[in-house]
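Not measured: the values here are computed from a predicted model. Numbering of ligands and ligand atoms starts at 1, following listing order.
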Amino acid sequence: MRKRLPRHAACTASLLLLAACGGSGGEIVSVGPPQLSAAVGAPLTSCTDLASRISFPSTTITGANAIAAGTLTVAGQPVPAHCQVTGRMFDRTGIDGKAYAIGFEIRLPNDWNGRFFYQANGGIDGSVVTATGAVNGGGGLTNALKMGFAVISSDAGHAGSLGPFFGIDPQARLDYGYQAVGKLTPMAKSVINTAYGKGPDRSYIGGCSNGGRHTMVAAARYADQYDGFLVGDPGFRLPLAAIANIKGAQTYNSLATTPGNLGTGFTQAERALVSQAVLAKCDALDGVADGLVQDGKACQAAFNLDRDVPTCTGARDGTCLSAAQKTSIAQLFAGATTSTGAKIYSSFPWDAGLDTNGWAAWKFSNSLNLDSGAVGIIWQVPPEDPATFNGPNFTLTGNVDTMLAKVNATNATYTESAMSFMTPPNASNLNTLKNRGAKMMVYHGTADPIFSSDDTQNWYEQLGTQSGGSASNFARYYRIAGMNHCAGGPATDQFDMLTPLVNWVEKGVAPDSVRANARGPGNAGGVNADVPSSWTADRSRPLCPYPQVVKYKGTGSVESADNFSCVNPT
Ligand SMILES: [Ca+2]
């Protein structure tokens, strides 16, 4: 029998690290992690003299610039006045003779909310992206800087002009993998202390794609440094995902009517045909045919590519798939394999969002031009010869078994394997995070073509098993139907997941659903061209914590989240 105590008493008890403040009613809902206190804000002491007052080992401050309100905007609204501090850490020369440093900027609001946000960036890093602190993957209506957080952004230790060739330098590999976050975090907290007369009360880290990977790696390696983790479409097993995508490129090339033009192996018309077939089998399984496949598990059982799409009897014309296409594409969705049939990475769920340009770009273009350099130069031990490296040729003619061996290899120069420096150690053990009262929120588009929501779902289930049945008292996972990689696709991809994360960390209010909306014509945060014209421009849906699914209540407009709820799957 659980005891009901007033909220104040529950929070006092939590100081003994025994109980949690939680639930909407203010009573103890379970014995669990401790409750962290709320951040308290402070005004910026000054900006222009900050450069001379900051002192931190191995750090060069290159500027402190007062930025007036409205210089930056988000969704047409002004970002308040703040101070931009720029600098770099650990200047050095790499083994390739090139100059390296960890470049960064920190944006410090004049009216600070007492919180720090580490903006983990995407791709292969290499650029100090403006430190605004995105709260989702798609076009946002707000950001962490506007909300009053002090925000850091970095290039993770190498210049973008190097492309993937920073991977020749072993230290640059490690900084990109995890060490830049470890070096920047205490420096940023020290800068904040200098700027406001106190360090951050609460610290958050978040990003999408490789930024989601950085965040999951930080949850495993630096859980003592952060209170809240916001993880989007995480490539937390990035080397494996890239090799699987390379195997996919080889497969699409084998199906291509124009060799080298991978999109001719699975044309836009054919992808639209499959998308419509998925909708025909799966859309109504969640209670309403609305263009969104919310009950993903039921859909995987209901849809069969071979059975549910016509087989061509003559030439391919967009109204059918060839027998060879069906076999090969079904195998890629089940999970690309090595020559011995071992799964390289993960399955991908069937979803309506595979007929978009964003889906095609990852499968048919980035596989040639991004995954190739990442695998061949940044992750393999030894790397390919940079003098002769040709990305598309590496992808189309390389041996995936060899790539897989080399991302697990080490030698005297490269003493950590890519799988070691890129992925979270012991990813399904977040005991440090949990036991100190930190929280994690994770989202993933179910039509992400490069990192699979199946992989994230499997990780979350393992996290629950490791936690004694459920991880929901410290980590929650939200599937976003139709969404491609971090944004786009026929989806409601605009939401603020940072505010509910703060409320969970600092007030004990566990997030149930998160409201999201589509970015149709006129959206202030940026338009998503994949929103179907049959939807209202601002269609909204709840995002539900897994394993719950979004279900229509049976009455009211299907364009409004108000008429949907989160329910346990049948
Ligand atoms: Ca539906």
Taking everything shown except N369 itself, do over 12 heavy atoms lie less than 6.0 Å from its CG?
yes

Please state whether the separation between the Ca ion (ligand 1) and some N/O/S atom of V288 is under 3.0 Å?
yes

Where F229 and A438 come nearest, the two heavy atoms and their spacing:
CE1-CB, 4.2 Å

Does the separation of the ring centres of F495 and Y478 fall below 6.0 angstrom?
no

For O in L292 and OD1 in D283, the angle at the Ca ion (ligand 1) (nearest 10°) is 90°

Could you check C208, S209, S346, C486 and say which one makes a side chain to side chain contact (heavy atoms under 4.5 Å, CB included) with F451?
S209

How many degrees, to 10°, between D286 OD1 and D290 OD1 as seen from the Ca ion (ligand 1)?
130°

